[in-house]
Asks: 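I am attaching a structure below and will ask some questions about it afterwards.
By convention in this document, chain letters (A, B, ...) are assigned in the order of the sequence lines, proteins followed by strands, and residues within each chain are numbered from 1.
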Protein chains: 2
Amino acid sequence: MLGEKRVAGLRVNLESMALVSNIHRASGFIRDHFERAILKDADLHWSAFVTLWCLWIYGELETRRLAAEAGVAKSTLSSILNMLEARKLVRRRTNELERRLVIVNLTASGAEVISGLFPKFNAEETRIVERLSPKQIQAATEAIRLILATIIELDGIAEDE
Amino acid sequence: MLGEKRVAGLRVNLESMALVSNIHRASGFIRDHFERAILKDADLHWSAFVTLWCLWIYGELETRRLAAEAGVAKSTLSSILNMLEARKLVRRRTNELERRLVIVNLTASGAEVISGLFPKFNAEETRIVERLSPKQIQAATEAIRLILATIIELDGIAEDE
DNA sequence: GCGTTATCGTTCGACATCGAATGAATTACC
DNA sequence: GGTAATTCATTCGATGTCGAACGATAACGC
């Protein structure tokens, strides 16, 4: 196998370790940075922002799908929606044809909040990748997408059918 | 600026958005995957594992430095160390020359745990990047490293001197 | 048709994490 | 040299997050 070194008597793949470690490290720094620099003023944490963003992009969404898109457990989404609904940024309603489902959508003021916030967010995204060439950005995105697909496949096979 | 598109009347840099979003998404999946597949048996969560790993690599470390290396707040590290110390995996002692400092190191059984766990961890790291070529891995690692450096510089300038 | 399963969203309890407050130890200042 | 300011790690309170348990609704089997 490529990239295997011996460290302290153990075979170690340093390259894969560095990549995984850096992904995780970057994620934490990015989250902290955005929460402090942009989300704090709106009094939103990362997951609440992503929730609003998903609703903005997809329009109305069932909670189950919304939880998956936002990357949180459905119980977590429930409490996020409680908070957002209390602030009148989103609205919940039951699907009358399938009364187990709950459909969520932005209110007018919810749409106002996210459309005011997103440009700042995107500007900051652009800023933190400004030292990368377009090619580097695309290559990194593609690489991470491959990793994601691999994990999802592994977990999917392991757990389900 | 490169990569700017118009979406719903807003200028959006889709490439930077996709990269940031994927980094965060991958981080969550990786964390969940490793905690379920490897760390659950040892009854350790991610941060506790990273803490042990840092001590294994660096040898003894002051708590302040250890918190930074592990990527957690110092208060979080305190509770992690309480747990690890209760399990006799690490040891704390005050530095006698500078009695404010606390120095942490692995016990024998702590070293045993991490040295038994790491090969599995690294094997899984290698597995989730197996679809990437060595060049892709290095390119992605370098790209993320650049992002990290950019954020740290931004935050450092903003907050400190 | 009616009980059994399956599938929703929500609630609940446990816990990881953080920031601010605290106390101990050291340094700086006059 | 003694007081003030600084710098540690820890504790404490608040909160975000998850998984399991729950109740409601729908689909299935016979």
Asks: Atom pairs, N/O to N/O, protein against nucleotides 23-27 of chain C, distance under 3.5 Å?
Replies:
from   : atom 1 : to      : atom 2 : distance (Å)
C/dT26 : OP1    : B/Arg99 : N      : 2.9

Asks: Could you pull out all residues at least two apart from B/Arg100 that satisfy side chain to side chain donor-acceptor pair (under 3.5 Å)?
Replies: B/Glu98

Asks: Calculate the interatomic distance between A/Arg65 atom CZ and C/dT7 atom P; express it in whole Å.
Replies: 19 Å

Asks: If you take all heavy atoms of A/Thr150 and B/Arg127, which pair is closest and at what distance?
Replies: CG2-O, 3.9 Å

Asks: Has A/Ser109 got a side-chain atom pairing as donor or acceptor with A/Leu89's backbone, closer than 3.5 angstrom?
Replies: no

Asks: Sequence neighbours excluded, which residues qualify as side-chain contact (heavy atoms from CB on, under 4.5 Å) partners of B/Ala70?
Replies: B/Val50, B/Thr51, B/Val72

Asks: Could you list all the side chain to side chain donor-acceptor pair (under 3.5 Å) pairs where at least one residue sits in residues 70-92 of chain A, not counting sequence neighbours?
Replies: A/Asn82-A/Arg92, A/Glu85-A/Arg92

Asks: Can you name the salt bridge (Lys or Arg N to Asp or Glu O under 4.0 Å) partners of B/Glu60, sequence neighbours left out?
Replies: B/Arg93

Asks: Quick one: which of B/Leu77, B/Val90, B/Thr107 gives a side chain to side chain contact (heavy atoms under 4.5 Å, CB included) with B/Leu84?
Replies: B/Val90

Asks: For residues 135-144 of chain A, please give each side-chain donor-acceptor pair under 3.5 Å, one per line with the distance, not counting sequence neighbours.
Replies:
from     : atom 1 : to       : atom 2 : distance (Å)
A/Gln136 : OE1    : A/Ser133 : N      : 3.0
A/Thr141 : OG1    : A/Ile137 : O      : 2.7

Asks: I'd like to check the salt bridge (Lys or Arg N to Asp or Glu O under 4.0 Å) partners of B/Arg25; sequence neighbours left out, ordered by chain and number.
Replies: none

Asks: Work out which heavy atom in A/Phe29 is nearest to a heavy atom in B/Ile152; give both atom names and the distance.
Replies: CE2-CG1, 3.6 Å

Asks: Using a heavy-atom cut-off of 4.0 Å to chain B, what are the terminal contacting nucleotides of DNA chain D, in 5' to 3' order?
Replies: D/dT6 to D/dG19

Asks: Suppose we screen for side chain to side chain donor-acceptor pair (under 3.5 Å). Which residues come up paired with B/Asn122, at least two apart in sequence or across chains?
Replies: B/Glu125

Asks: Can you list, by residue number, the residues of residues 38-52 of chain B that have a non-hydrogen atom closer than 4.0 angstrom to DNA chain D?
Replies: none

Asks: Do any side-chain nitrogens or oxygens of A/Arg31 fall under 4.0 Å of OP1 or OP2 in C/dT17?
Replies: no

Asks: Kindly state which residues belonging to residues 71-83 of chain B come within less than 4.0 angstrom of DNA chain D, counting heavy atoms of the residue only, listed by number.
Replies: B/Lys74, B/Ser75, B/Ser78, B/Asn82

Asks: Flag yes if more than 12 heavy atoms outside A/Arg131 fall under 6.0 Å of its CZ atom; otherwise flag no.
Replies: yes

Asks: Identify every side-chain donor-acceptor pair in residues 111-120 of chain A under 3.5 Å, counting partners at least two apart or on other chains, and give the distances.
Replies:
from     : atom 1 : to       : atom 2 : distance (Å)
A/Ser115 : OG     : A/Ala111 : O      : 2.8
A/Ser115 : OG     : A/Glu112 : O      : 3.2

